Amino acid sequence: MLQLRDPMGYPYFVLVQFLKMDLECLRTFLKCSIGWSEYLKAEDDDDDHEVAAVSLGSLLCKIKDALVNVIVDFGSMSQLQNTSFVLEDTSLCCFMLCGQIQQIFSRPIPETWDDAGMIYDMWPRFEENKKVLGQEINRAYITFSDCLSKLTSPTRDVNELMQLIDMVLENLTDILNLCHRVLCHRVRFRMEAFHVRLQNLKVKLTSLKSFICFAEFRVVERSQLENLLIRAEIFILKAAHLLYMLWDHLIYEIAYRDSEDEAIKDDILIKRDEMLQKIMFVDPFAPEIHIPALQALKASGSTHSLEMKNKEIARDFVDSLSATLWILLTNSGKTKDQMQILYNGLLFLRTLLMNQQGNFDELGEAMKDFVGDLVNEAGTVVCLLCVNGVKDGFAKETNDAVRDFLEKIKLMKAKVRNKYPVTSTPNFPKTNELGFIDFLIENLQELTNCKVNSITLVEDQIQVFEKDLVLLRSFLHKIVDQHEELQSLKSRAMEVAYKAEFVIDSLMVGDIERSPLLFETIVDEMKHIKIEAMEINESMKYNMVEVQKFTKTSSLVPSQGSTSTMDEDVLKLEEETKAIIDRLTRGSVQLDVVTIVGMPGLGKTTLAKIVYNDPSIMYHFHIRSWCCVSQVYSKKELLLQILDCITGKHCNTNLKEMNENDLDVQLCRSLKGNKYLIVLDDLWGSEAWYLLKNSFPDDANESRVLVTSRLQDLALEIQCNSIPHTLRLLTNDESWKLLKMKLFGQEFFSPAMDVFGKEIASNCKGLPLTIVIMAGILSTLEQDGWEEVLRSLSSESVSRTEQCRYTLELSYKHLPDYLKSCLLYFGLFPEDEFISTKRLVWLWIAEGFVPKTELKTLEEVAEDYMMDLIKRSLVMVEKRGSIGGVKFCKIHDVIHEFCVAKAREENFLQLLRGGNELFIFHEAGKIRRLCIHSKGKDFEEARLFCPRLRSLICYGLDYYCMVYPPSFSHVSRIFRLLRVLDMHQIDVGDVFPTEIELLVLLRFLSLGVFVKSIPPSIANLLYLETFLLRGFGGGGSTTGLLPDTIWKMKNLRHLHLDRYWGFILPGSHNLENSCGLCHLQTISTVKLFCWENMEKITRLLPDIRKLKCQLSHSDSEDKCARILALDSLTRLETLRIDTSPEADEFREFHIAFPMNLKNLTLLSLCWPWSEISSIGKLPNLEVLKLRDKSFEGEVWDMEEGEFPKLKYLELNDLDIVNWTGKDEHFPCLEKLVLNRLWNLVEIPSCLSFISTLEMIEVCRCKKSIGDQVKEIEKEQKDFGNEGIKILIHD
């Protein structure tokens, strides 16, 4: 796309969007004028109307002249014909002008330099013409509205009115999109206030439209609608006029956005406020019109049945009512229980109307009529609330209407429940109940120790409650599922515990409606439960047999299974692999598609990976790329995945800024002329194939696409006559071989296990996933536990798919309670997501899954949990760290589905995947954790009301796309009890949302923002542990400013901004009196400017373990300022240091490294090799990465005794020529990576004698280096190191 810019600083294609918006507003005016001109014809005997007609005709003539210029300019590009206009007939003139505008819209955007120049000439001229027209158009709008208010009959029928509303809604939507996509993104123009008001206006327009449609099909007499239609037309005219003025104002702001004239700045602010006020006061709800209309509908006794079309009309009306009520709730800040029930009642009604017609018809005519009456009453209730507002006490009329409606909703729910019985969801999560008790006790102790003001009134009661809960906890751990009486007691105790948490947290966020008297009741309930538990406990002492029944026993032992993933230890079936390779490398020269199909867990992806990485495939194809599709995807995301593999991750940033069409072209160019293999893994339908098909060129060079899917018919849908490769089940011998491999690896196993093991393998029915999961179970059991597992498997006579489900249930049952929460939490991530272990661990901690211990940090305990899940073969390792550890993990999609279903069943977590799932979900009152996989706007428009919600995680399918920043007002007002808020994949704009400060209970906060500073009010989040900001828009480097108040956030453990950013730690004043961030463990990326303050700052970070920083220029002449003193950070283990572009200035700077350092990465320091001796003497250093000119000079001659514990060494983009060393160097080295060392000619010969060496990777170095590495490989193997791996890339 051309980047030629006009004087206003915009590319020409943006000006085309501006012109389109201008023409849209004109078209809407002309559409309004059609009805008006018809009215003037009818009233031609009135002198005033005759004058108005002449005035309108004159205005239309001017509009015609302005449009002709546009048409002529576009004519050279689009061959539009200049149509003659009949100005005597204003209605026909309006219609023809609208048609001409529509033709302009239908033309493609010009793509030549000449066309671009034409746009630059045309748009300013058109704007000048529009200024002349503006005042007359404004007067005409006012005249239209005034005259309409005097009419007794509408000027339009319902269909014409609907068309006009749609046009106004289109104007409104386009203004919102244009403000964000162009204005906000390019000039950081902030539109948040406009956005909220315009979204509300959109709801009002939509509500009016749906109400008119509903009223039309319910009424008997059309005359009953006349007042409503007149009022509606007046409102629509006002809205259209408002949008016309708003767009005019925005153009004014754009034109003078950089003005330094204070008068102009003041004028912009004044006009902006005026516009905001005008938007706010446009309201279609008029009680004198709507309520009589609704009463007339009720009295009319409509016989119209809720068939398909009418049901959809009723559904849209209910949806608009819920949107209106949502605005009332979020604006009022009231969350009274009655209002919550009312809102949820509307959602239930909406869900009922969204059912498939067949299911809806089964309700019967009487019940359907009852639903129609309910919709009618819902309209009355919402209309009354719009008039009277959401107040502490409703007017009697409103109160009666609300009460009657809720009673009927309750009756309707009972009728539906009898018709369609459903499994009830528990009122509180059933997962790891005792873990929640521990978490609650810990929080109660913190509250009483910290003396929080908001709970002063109930502080004594909390202490009593805590003591009772601690005592009860010691009894609850004895209860097992089989004893009904004790289970009932446990359930009651859990319900009271969750109630207590809700009331205390409501008080902490300032919800004064949660009276302390309510907590008194909760304390009394807990006392009764405690007394009952003590009585049972007493009786248990005299009946030891019963004790054994009540007490859990376990044969679990520490997991002994291999930590390898399903893909690392696989049973390589030679015949299957060979068959796929043959189909990929032989046959037709035309582009061909090969499909692997099979049931879940059969190993389709595993086989595809084996083939993909086979040397013969790597040699045969010039380009290979892997793309995981899954159930939820976007075309842009798929294109990015494929291009990532082709171009390399370093190109990711530029690619993500491109639109789908540009990515399509980029992919096609990349593949053109090359023999390529594209793997499309986990297709759930042919739609994804057709989205990508045109991006794959067919150059008759034997290129191939490999597809994996569960769907047998997919191969034929993709390509006629294609025969899929159906993956078979394993034989019994293969099953036993795989089970042994997963359980014992190459180690010895007891022959006694052979009998049970073979039978267990046989009962897995040949499904690899079942075998792998079973290995995870068996690895935790003693030998005598194998027989029990075998019996439970053998007793089930089920199909293979059910067997897989049963096996997963069995695996889940064998997990300790604390691991059940951790496993189910994987259900919130998208399928096939590579999950950052670090991020997942932080989420587990924030959720309260990880208890505090004296010997280990919370992070270390959580990492142990992760390793346990991996050893049980429930979680797979996707990427390891330099010397081990797990950087990224994932779970199989079958396990993912199990986690989602189980989490929903136990009310642990609710996953909504966008689309209808968001809009038919109506049981939000019980939900504690909610994850949404959808577009940002879908989340906002769904208007979910979850007052008890503690965790909200959003994954945007429009990742990196510019979607208008969602408003946070409803998040802060409705979800006030949140502990986890993760919206890192949704762009929330360029101004930090200040509403976040109201979420005072937050422990984990992750946002996608591009802000220059963070407000001081962030310190209100006293409990915040993890604070992550991910910048959007990416190419340039931005420095963010942290407020001084950051030092008050004593619970902060992790502070991160993404790689495009850096932030400055405040150190301007009063550091001596600050308590510091004594729990902060990781921080990135901090920019260090004022080095002389570093000693003061490091004192405030006593527990820091991982630090990523960027050195920037310091103006100080003090020699001490040329030393970066980090040696006081005694717990620092991982350090990454980068520099600003002026790297030369750091040649003479020195860094005092802490002795405990284990992992060090340096970039762009330009140090001489003599400086490396200080690094080599670090006694605990295990990983060293020297990148991007971190050191300069031709010779690195290592000194004696350096790097005693180094395991991983990476040299990347250095100008070194000779590298020498002796036999005693690197005694522990395991991995060596040499990349882009263009000048290197010699590497140390001592590498041949390092017994620990496992791998050497060489990329883009001289051929002689590759030869030397091959010689090292030969010598290593001669010394018995047969496992050494050598990787050499061009």
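Here the structure is a predicted model, which means the values were calculated and not measured.
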Salt bridge (Lys or Arg N to Asp or Glu O under 4.0 Å) for Glu1254 and Lys1231? Distances and angles first, verdict last.
CA-CA 6 Å; Glu1254 298 173 358; Lys1231 297 178 183 178; 5.2 Å; no
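- For the residue pair Ser951 and Glu847, a side-chain donor N or O sits within less than 3.5 Å of a side-chain acceptor on the partner.
- Using a cutoff of 4.0 Å between basic side-chain nitrogens and carboxylate oxygens, Arg928 and Glu501 are scored as salt-bridged.
- Of the charged side-chain nitrogens involved, none lies within less than 4.0 Å of a carboxylate oxygen, so that Glu863 and Lys856 do not count as a salt-bridged pair.
- For the atom pair NZ (Lys1205) and CD (Glu1182), the distance works out to 7.5 Å, reported to the nearest 0.5 Å.
- Between Lys890 and Glu833 the shortest heavy-atom distance is CB-O, 3.4 Å.
- Of all heavy-atom pairs between Leu1080 and Leu1055, the closest is CD1-N, 4.0 Å.
- Closest approach of Pro851 and Tyr865 over heavy atoms only: CD-OH, 3.3 Å.
- Taken to the nearest 0.5 Å, the CZ atom of Phe898 stands 7.0 Å off from the CG atom of Leu824.
- In this structure the side chain of Leu952 never reaches within 4.5 angstrom of the side chain of Val980, judged on heavy atoms.
- Residues Phe1027 and Leu1052 have side chains in contact (heavy-atom distance under 4.5 Å, counting atoms from C-beta outward).
- Arg950 has a carboxylate O that lies under 4.0 Å from a charged side-chain N of Asp505, or vice versa, which qualifies the two as a salt bridge.
- Of the residues listed (Arg1003, Arg979, Lys1050, Arg1053), the one engaging Glu1025 in a salt bridge (charged side-chain N to carboxylate O under 4.0 Å, His left out) is Arg1003, and it is the only one.
- Shown are Asp438, Asp468, Leu440; of these, the side-chain contact (heavy atoms from CB on, under 4.5 Å) with Arg473 is made only by Asp438.
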Output, in order, the C-alpha distance, side-chain angles, deciding distance and verdict of side-chain contact (heavy atoms from CB on, under 4.5 Å) for Leu843 and Tyr825.
CA-CA 9 Å; Leu843 282 164; Tyr825 208 74; 3.8 Å; yes
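- Taken to the nearest 0.5 Å, the CG atom of Leu1028 stands 6.0 Å off from the CH2 atom of Trp842.
- There is no side-chain donor-acceptor pair under 3.5 Å between Lys1108 and Thr1082.
- Using a 30° and 60° split on the angle between ring planes, Phe428 and Tyr498 fall in the parallel class, below 30°.
- When side chains are defined from C-beta on, Asn1159 counts as touching Thr1161, because their heavy atoms get closer than 4.5 Å.
- Closest approach of Val523 to Gln461, counting heavy atoms only: CG2-O, 3.8 Å.
- Phe908 does not carry Lys902 over the face of its six-membered ring by the limits of under 6.0 Å from the centre and within 45° of the normal.
- Looking only at atom types and distance, the side chain of Arg872 has no donor-acceptor partner in the side chain of His814 under 3.5 Å away.
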How far apart are the C-alpha atoms of Leu819 and Leu869, what are their side-chain angles, what is the distance that settles it, and do they pass the side-chain contact (heavy atoms from CB on, under 4.5 Å) test?
CA-CA 8 Å; Leu819 282 185; Leu869 290 171; 4.2 Å; yes
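- No side-chain donor-acceptor contact under 3.5 Å links Ser821 and Thr431.
- Residues Thr1130 and Pro1154 are not in side-chain contact: their nearest non-hydrogen atoms beyond the backbone lie 4.5 Å or more apart.
- Within the 3.5 Å criterion, the main-chain N or O of Leu1005 finds no donor-acceptor partner in the side chain of Asp982.
- For Tyr818 and Phe436, the distance between ring centers is not under 6.0 angstrom.
- At least one side-chain heavy atom of Pro1043 sits under 4.5 Å from a side-chain heavy atom of Ile1014.
- Distance alone, capped at 3.5 Å, places no donor-acceptor pair between the Arg904 side chain and the Leu909 backbone.
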Worked verdict on Lys820 versus Asp817 for salt bridge (Lys or Arg N to Asp or Glu O under 4.0 Å):
CA-CA 5 Å; Lys820 289 178 180 177; Asp817 283 348; 3.5 Å; yes
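- One distance of note links CE of Met983 with CD1 of Ile996; it measures 8.0 Å at 0.5 Å rounding.
- To the nearest 0.5 Å, atoms CG (Leu1126) and CG (Leu1157) are separated by 9.0 Å.
- Counting heavy atoms from C-beta on, the side chains of Met534 and Leu471 come closer than 4.5 Å.
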Assess the residue pair Ser882 and Lys1185 against the criterion (side-chain hydrogen bond (donor to acceptor under 3.5 Å, both in side chains)); give the C-alpha distance rounded to whole Å, side-chain angles, the decisive distance to 0.1 Å, and a yes or no.
CA-CA 10 Å; Ser882 301; Lys1185 299 174 184 179; 3.2 Å; yes
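- Residue Phe826 comes nearest to Cys889 through the heavy atom pair CE2-SG, 3.9 Å, listed as atom of the first residue, atom of the second, then distance.
- Judged purely by atom type and a 3.5 angstrom limit, Asn1051 uses its side chain to pair as donor or acceptor with the backbone of Leu1022.
- Around NZ of Lys1048, the count of heavy atoms belonging to other residues, nucleotides or ligands within 6.0 Å does not exceed 12.
- Between the CE atom of Met866 and the NZ atom of Lys838 there is a distance of 13.0 Å, given to the nearest 0.5 Å.
- Not less than 6.0 angstrom separates the ring centroid of Phe829 from the ring centroid of His896.
- Proximity of a side-chain donor or acceptor of Thr837 to a complementary backbone N or O of Val886 within less than 3.5 Å is detected.
- Side-chain contact, Arg839 with Thr1026: no donor N or O sits under 3.5 Å from an acceptor N or O.
- Residues Phe888 and Phe834 approach most closely at CD2-O, 3.9 Å, considering heavy atoms.
- Salt bridge annotation for Glu532-Arg492: present, with a cationic side-chain nitrogen under 4.0 angstrom from a carboxylate oxygen.
- Among Glu442, Glu459, Met508, the single residue meeting the side-chain contact (heavy atoms from CB on, under 4.5 Å) criterion with Leu447 is Met508.
- Side chains of Glu525 and Lys499 form a contact here, defined as non-hydrogen atoms less than 4.5 Å apart.
- Looking at Lys852 and Glu859, no side-chain N of the basic residue comes within less than 4.0 Å of a carboxylate O on the acidic one, giving no salt bridge.
- Between Leu978 and Leu949 there is a side-chain heavy-atom pair separated by less than 4.5 Å.
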Worked check of side-chain contact (heavy atoms from CB on, under 4.5 Å) between Leu1178 and Met1155:
CA-CA 6 Å; Leu1178 293 172; Met1155 289 294 103; 3.5 Å; yes
Verdict with reasoning, Leu998 to Val509, per side-chain contact (heavy atoms from CB on, under 4.5 Å)
CA-CA 8 Å; Leu998 300 176; Val509 300; over 6 Å; no
